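All values below were derived from every heavy atom in this structure, side-chain atoms included, with hydrogens, water molecules and symmetry-related copies excluded. Only a predicted model underlies this, so the values are computations on that prediction, with no experimental measurement involved. Order of the sequence lines sets the chain letters (A, B, ...), proteins ahead of strands, with each chain counted from 1.
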Protein chains: 2
Amino acid sequence: MRPHDLTEIRHLALFRDMRQSSFDALMQAAYVQGFPQGLELIRQGDHADFLHIIIDGAVELYASWAGRETTMAVVRPVGTFILAASIRDAPYLMAARTLERSRIVMVPSSDLRAVFREDSGFAVSVVEELAGCYRTIVRHAKGLKLRSSRERIASYLLRQSMIAGNVAGFILPIEKRILASYLGMTPENLSRTLKVLEADGVKIDGQRVIITDRARLTAVARPDALIDGPEPDDTGRGSTLPPVIARS
Amino acid sequence: MRPHDLTEIRHLALFRDMRQSSFDALMQAAYVQGFPQGLELIRQGDHADFLHIIIDGAVELYASWAGRETTMAVVRPVGTFILAASIRDAPYLMAARTLERSRIVMVPSSDLRAVFREDSGFAVSVVEELAGCYRTIVRHAKGLKLRSSRERIASYLLRQSMIAGNVAGFILPIEKRILASYLGMTPENLSRTLKVLEADGVKIDGQRVIITDRARLTAVARPDALIDGPEPDDTGRGSTLPPVIARS
DNA sequence: CGCCACGTTGACAGAAATCAAGGTAGGTGG
DNA sequence: CCACCTACCTTGATTTCTGTCAACGTGGCG
């Protein structure tokens with residue numbers, strides 16, 4: 001593992017407050033691996049042997065059933081995923097695949113659990129990370145159940161704009177078909193609804209988005225901190241923030 | 001607090017593996033309260049000062065936005081809820097109200113966090129409980145995104161049957177309008193779809209459900225351990241099992 | 001150049017929400 | 001004991017939303 005990577009991981013919320021000896025123990029057991037684009041890292045139902053940390057690239061977490069698939073989250077550096085299954089020593093509820101060439105650190109679940117028991121600073125970080133993951137997916141479920149497609153899209157666009165620094169223009173960080181799946185609709189529906197939204201203060205040109213009338217779009221989206229998440233500058237105790245879609 | 005209640009709480013997965021001194025400390029800070037039916041215990045957005053443990057009655061966790069509401073879970077004894085917000089010291093993402101007269105133990109979040117730091121056995125339990133909550137809502141989101149209304153209803157009925165001991169007949173544990181909301185549809189839609197399902201091996205009479213053709217219903221529901229959850233006898237390390245709908 | 005994946009568009013079908021009446025059961029009070 | 005009230009549930013008619021299927025466009029890349 002490159003020293004630079006170690007430093008970066010060490011600064012992750014999850015590993016920031018642990019003893020150096022604990023960190024060293026974890027990292028000694030861990031290893032880094034590079035993966036090409038489109039590779040299935042984790043299959044649904046597999047046993048959770050490793051906590052994954054992405055330090056380069058992008059990973060999609062998705063679920064499937066009866067031949068259907070849906071995107072549950074997209075994780076970008078530096079973020080962790082599959083923490084819950086690792087902790088519980090349980091089968092993965094979601095699969096994971098790379099969306100780009102990616103480099104990923106894999107920490108054996110057994111070491112994770114051992115260090116958790118010994119280092120209460122780490123234990124606090126794990127439980128906070130996990131609570132954050134839980135809250136993220138609660139928000140996701142709330143959005144799905146309480147908002148229409150149009151409202152979900154509008155909220156997403158406003159949220160991305162905010163993350164980009166409250167600018168009017170930004171680039172969609174993921175492909176539209178994946179966004180559609182994440183938002184719980186078909187690509188066709190997303191495409192059409194984006195067009196409809198042009199009457200509500202947003203201009204879409206390929207991956208480029210320009211918010212032309214923020215007030216109007218906000219009226220449609222009715223953003224809510226208890227669904228859309230806190231201000232992006234709320235790094236709080238320093239969470240593994242969700243730069244694209246959500247944390248795992 | 002009655003000794004019986006203390007014993008019952010002590011046997012909860014969350015409190016089973018902690019030191020007696022830690023348990024005593026927590027329980028000394030905690031108090032029990034009785035609530036009438038229909039009382040709002042927690043409001044969305046409020047600050048999370050207490051972990052709640054329900055020892056009698058039933059509590060609905062729900063979310064609201066723009067005048068709409070949706071049921072996220074129903075918790076029955078003996079279960080905990082609102083753990084994530086307590087741990088994170090964050091605002092509640094969901095509201096809670098009693099569905100029946102209920103008795104609830106409230107443990108101050110600050111004590112919870114203090115004991116968490118000192119008692120690694122408790123820390124393990126907390127993180128496992130939380131991971132369980134996370135996994136439960138991931139399943140919920142998967143069901144919403146991957147299954148149609150009809151499939152969700154069929155799965156729910158099969159699941160309830162299994163929890164009741166794989167019997168053909170059982171009683172719906174919650175009102176239909178709440179079930180509809182939990183399953184992400186309107187009461188009208190639930191009502192109609194239940195009727196349609198009578199052609200698929202299930203008979204509904206009020207709250208009474210009789211599965212007349214399990215194979216047929218199973219073919220519709222296509223139950224999946226990664227959505228519907230493990231066998232009910234998988235109390236595993238003894239989780240706060242989800243007797244009705246889901247754990248918080 | 002031509003393939004291929006992604007996105008868009010159109011026509012249509014199906015699912016679900018909405019609006020509006022009824023019906024039913026359980027509880028209350030006369 | 002019965003009438004009535006109130007929630008809950010059901011049913012029907014209708015609209016809206018969303019998915020499906022099919023065709024076409026387009027941009028990147030071999």
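- Residue B:Thr71 holds its OG1 atom at 8.0 Å from CG of B:Leu99, rounded to the nearest 0.5 Å.
- Comparing atom distances between the A:Met185 side chain and each of C:dA16, D:dG19, D:dC8 picks out D:dG19 as nearest.
- One N or O donor and one acceptor, one from the side chain of B:Glu188 and one from the base of C:dC19, sit under 3.5 Å apart.
- C:dA15 atom P lies 17 Å from atom CZ of B:Arg147, rounded to whole Å.
- Put simply, A:Ser149 has a side-chain N or O that comes within less than 4.0 Å of OP1 or OP2 on D:dT18.
- Residue A:Ile174 contributes atom CD1, which lies 10 Å from atom P of C:dG7 at whole-angstrom precision.
- Atom P of nucleotide C:dT9 and atom CD1 of A:Ile204 are separated by 12 Å, given to the nearest angstrom.
- The distance from atom CG of A:Asn189 to atom P of C:dT9 is 14 Å, rounded to the nearest whole Å.
- Side-chain N/O atoms of A:Ser191 include none lying less than 4.0 angstrom from OP1 or OP2 on C:dG7.
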Please determine whether side chain to side chain contact (heavy atoms under 4.5 Å, CB included) holds for the pair B:Ile211 and B:Arg214, giving the CA-CA distance in whole Å, both sets of side-chain angles, and the decisive distance to 0.1 Å.
CA-CA 6 Å; B:Ile211 294 176; B:Arg214 181 171 295 265; 4.1 Å; yes
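- What separates CG of B:Leu172 from P of D:dC8 is a distance of 15 Å, to the nearest Å.
- With respect to A:Arg76 and A:Glu100, a salt bridge is recorded, a charged nitrogen being found less than 4.0 Å from a carboxylate O.
- Taking only side-chain nitrogens and oxygens, A:Lys195 comes nearer than 4.0 Å to OP1 or OP2 of C:dT9.
- The phosphate of D:dG19 has OP1 or OP2 within less than 4.0 Å of a side-chain N or O from A:Thr186.
- Scanning atom types as modelled, no donor and acceptor separated by under 3.5 angstrom connect the side chain of A:Arg192 and the base of C:dG7.
- The shortest distance between the side-chain N/O atoms of B:Lys176 and the OP1/OP2 oxygens of D:dT10 is below 4.0 Å.
- In this structure, A:Ile153 places its CD1 atom 13 Å from P of D:dC17, rounding to the nearest Å.
- Across the protein-nucleic acid pair, A:Asp205 atom CG and C:dG7 atom P stand 14 Å apart, rounded to whole Å.
- Under the 30°/60° scheme for interplanar angles, the aromatic rings of A:His140 and A:Tyr182 are found to lie parallel.
- We find that CD of A:Gln37 is positioned 13 Å from C1' of D:dC29, with the value rounded to whole Å.
- None of B:Gln44, B:Glu69, B:Glu40 except one satisfies the side-chain hydrogen bond (donor to acceptor under 3.5 Å, both in side chains) rule with B:Tyr62; the exception is B:Glu40.
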